K.L.:
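The structure under discussion is supplied below as structure tokens; questions concerning it will follow.
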Amino acid sequence: MKDTYKKQPLYDQLVDLLREKIETEFGPNTMLPSERELVEQYGVSRTTVRLALQELEKMGYIYRRHGKGTFVSDLSKKTTNLSGTYSFTEQMKSLGKIPETKILAFEKIEANKFLAEQLNVSLGEALYKLKRLRSADNQPMMLERSYLPVKMFLGMDVQQLESKPLYTLFEENYEQTIRVADEEFYASLVTGKDAEILHLMESSPVLHLVRKTYNTKNELIEFTRSVARADQFRYRISHVRVND
């Protein structure tokens, strides 16, 4: 390691070195050297290598394929601007990828206290629960769980959901035009069944997204919680300055 890095912890030095290589030398989906090769190349312990790789994975620079190795993420093409209306289908098409949505579950449930508060409905009110897997080029990207007030979408069924994008269905079949969608997101680690569905190892970094969608009457028509692969998504937010 270079002398100029001496004041940094070893794994921080390695993070900086590998990040520079990723940004200047390695192309997207390039396989990184193995942990053993990195140990020999940089003269550090395996623990240091593992800490550095964990940090790079959290930052979204790399992703791991179980049993295959560690690869460079294609960050430059996976930036989603959250200042506009987000469409997974359109976003993937713009990246030259083939989007696919698979319905994993669709059922009618009663709103518990949490869902009633999120959708501003009465406790016990009928809701549709929709669970979907969003993929691109046959790679799992995002797992979505959406909750919709039945009274807004009477007669909705799986055939309709499979026939067109959800928001198009809202407008064309139910005259529910979206005015605004509020979305927040935070980093976390994937566990249990979600890890299996997204083809991730347990405790891999993911992004959790929570979205509330309003119609032109300012009524809540959708509450969605999503889990997105951190190695496949990087978000950009544009802030416009206004006069005080």
Side-chain angles (χ1 to χ4, degrees), residues 11 14-15 18-19 21-23 26-38 46-80 82 86-89 91-106 129-147 166 183-211 223-236:
Y11 88 91
L14 187 55
V15 167
L18 291 176
R19 184 170 58 182
K21 282 185 173 291
I22 288 170
E23 293 175 341
F26 297 154
N29 304 310
T30 299
M31 185 175 179
L32 289 181
S34 67
E35 289 184 3
R36 180 180 56 80
E37 291 171 329
L38 290 172
R46 177 158 287 193
T47 298
T48 297
V49 168
R50 287 177 177 171
L51 287 171
L53 293 177
Q54 287 172 9
E55 185 67 21
L56 288 167
E57 188 175 15
K58 290 177 183 178
M59 295 165 69
Y61 278 87
I62 62 173
Y63 63 96
R64 305 189 195 213
R65 293 268 179 85
H66 187 62
K68 294 184 178 180
T70 304
F71 301 83
V72 175
S73 298
D74 187 1
L75 293 179
S76 63
K77 293 183 178 179
K78 294 183 174 68
T79 302
T80 298
L82 294 183
Y86 176 71
S87 164
F88 175 87
T89 299
Q91 179 68 18
M92 293 303 107
K93 286 181 178 179
S94 72
L95 300 178
K97 296 180 178 292
I98 300 174
E100 180 185 1
T101 298
K102 182 178 181 181
I103 298 175
L104 303 180
F106 180 65
K129 178 182 177 181
L130 172 62
K131 183 178 179 181
R132 300 186 295 171
L133 176 63
R134 317 302 293 274
S135 303
D137 291 348
N138 296 316
Q139 182 178 38
M141 303 279 280
M142 180 187 294
L143 183 61
E144 292 185 343
R145 294 176 176 88
S146 298
Y147 301 88
L166 187 62
E183 190 167 68
E184 61 179 283
F185 57 97
Y186 59 93
S188 184
L189 301 177
V190 70
T191 58
K193 190 68 175 177
D194 287 359
E196 181 182 339
I197 293 173
L198 290 171
H199 296 181
L200 293 171
M201 290 188 292
E202 190 87 10
S203 297
S204 294
V206 290
L207 287 174
H208 284 266
L209 299 96
V210 180
R211 181 173 65 248
F223 172 62
T224 293
R225 304 177 76 175
S226 303
V227 182
R229 293 178 56 137
D231 61 314
Q232 297 297 326
F233 285 89
R234 184 177 180 179
Y235 288 90
R236 179 181 73 245

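The structure presented is a predicted model; accordingly, all values stated were derived computationally and were not measured.
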K.L.:
Output all residues satisfying ring pair (Phe, Tyr, Trp, His ring centres under 6.0 Å) with His208, sequence neighbours left out; order by chain, then residue number.
P.N.:
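Applying ring pair (Phe, Tyr, Trp, His ring centres under 6.0 Å) to His208 gives Tyr186.
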K.L.:
Are Leu207 and Met142 packed together at the side-chain level, in the sense that at least one heavy-atom pair is separated by less than 4.5 angstrom?
P.N.:
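A side-chain contact under 4.5 Å is absent here.
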K.L.:
Under a 4.5 Å cut-off applied to non-hydrogen side-chain atoms, are Met141 and Gln139 in contact?
P.N.:
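They are in contact (side-chain heavy atoms under 4.5 Å apart), so the answer is yes.
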K.L.:
Under the salt bridge (Lys or Arg N to Asp or Glu O under 4.0 Å) test, which residues partner Arg46, sequence neighbours left out?
P.N.:
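Partners of Arg46 under the salt bridge (Lys or Arg N to Asp or Glu O under 4.0 Å) test: Glu35.
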K.L.:
Could you pull out all residues at least two apart from Leu38 that satisfy side chain to side chain contact (heavy atoms under 4.5 Å, CB included)?
P.N.:
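Listed in chain order: Leu18, Pro33, Gln41, Tyr42, Val49, Leu53.
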K.L.:
Rounded to the nearest 0.5 Å, what separates atom CG in Leu14 from atom CG in Leu51?
P.N.:
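It comes to 9.5 Å.
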K.L.:
Check ring pair (Phe, Tyr, Trp, His ring centres under 6.0 Å) between Phe71 and all other residues, then give those that pass, not counting sequence neighbours.
P.N.:
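Partners of Phe71 by the ring pair (Phe, Tyr, Trp, His ring centres under 6.0 Å) criterion, ordered by chain and then number, come out as Tyr63.
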K.L.:
Check step by step if side-chain contact (heavy atoms from CB on, under 4.5 Å) holds for Glu37 and Leu32.
P.N.:
CA-CA 9 Å; Glu37 291 171 329; Leu32 289 181; over 6 Å; no
K.L.:
Taking ring pair (Phe, Tyr, Trp, His ring centres under 6.0 Å) as the definition, give me every residue that meets it alongside Phe26, ordered by chain and number, with sequence neighbours left out.
P.N.:
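In terms of ring pair (Phe, Tyr, Trp, His ring centres under 6.0 Å), with neighbours along the sequence ignored, Phe26 is linked to no residue.
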K.L.:
Working to the nearest 0.5 angstrom, can you tell me the gap between Arg132 CZ and Ser135 OG?
P.N.:
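One finds 11.5 Å between CZ of Arg132 and OG of Ser135.
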K.L.:
Could you grab the distance from atom CD of Glu144 to atom CZ of Arg211, nearest 0.5 Å is fine?
P.N.:
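If I round to the nearest 0.5 Å, the distance is 5.5 Å.
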K.L.:
Output a table of donor-acceptor pairs, distance under 3.5 Å, between side-chain atoms of residues 189-205 and any protein atom two or more places apart or on a different chain; print 'none' if there are none.
P.N.:
from: Asp194; atom 1: OD1; to: Arg145; atom 2: NH2; distance (Å): 2.8
from: Glu202; atom 1: OE1; to: Gly192; atom 2: N; distance (Å): 3.3
from: Glu202; atom 1: OE2; to: Gly192; atom 2: N; distance (Å): 3.1
from: Ser204; atom 1: OG; to: Met201; atom 2: N; distance (Å): 3.4
from: Ser204; atom 1: OG; to: Met201; atom 2: O; distance (Å): 2.7

K.L.:
Working to the nearest 0.5 angstrom, can you tell me the gap between Arg64 CZ and Thr70 OG1?
P.N.:
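Those atoms lie 5.0 Å apart.
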K.L.:
Do you know the tightest heavy-atom contact between Arg134 and Thr101?
P.N.:
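Here Arg134 and Thr101 meet closest at NE-OG1, 2.9 Å.
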K.L.:
Can you name the closest pair of heavy atoms from Asn138 and Glu100 and give their distance?
P.N.:
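Closest heavy-atom pair between Asn138 and Glu100: OD1-OE1, 3.9 Å.
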K.L.:
Nearest 0.5 Å, what's the CG-CG distance between Leu133 and Leu104?
P.N.:
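It is 5.5 Å, given to the nearest 0.5 Å.
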K.L.:
Could you tell me the separation between the OG atom of Ser73 and the CD1 atom of Ile22, rounded to the nearest 0.5 Å?
P.N.:
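Going from the OG atom of Ser73 to the CD1 atom of Ile22 covers 8.0 Å.
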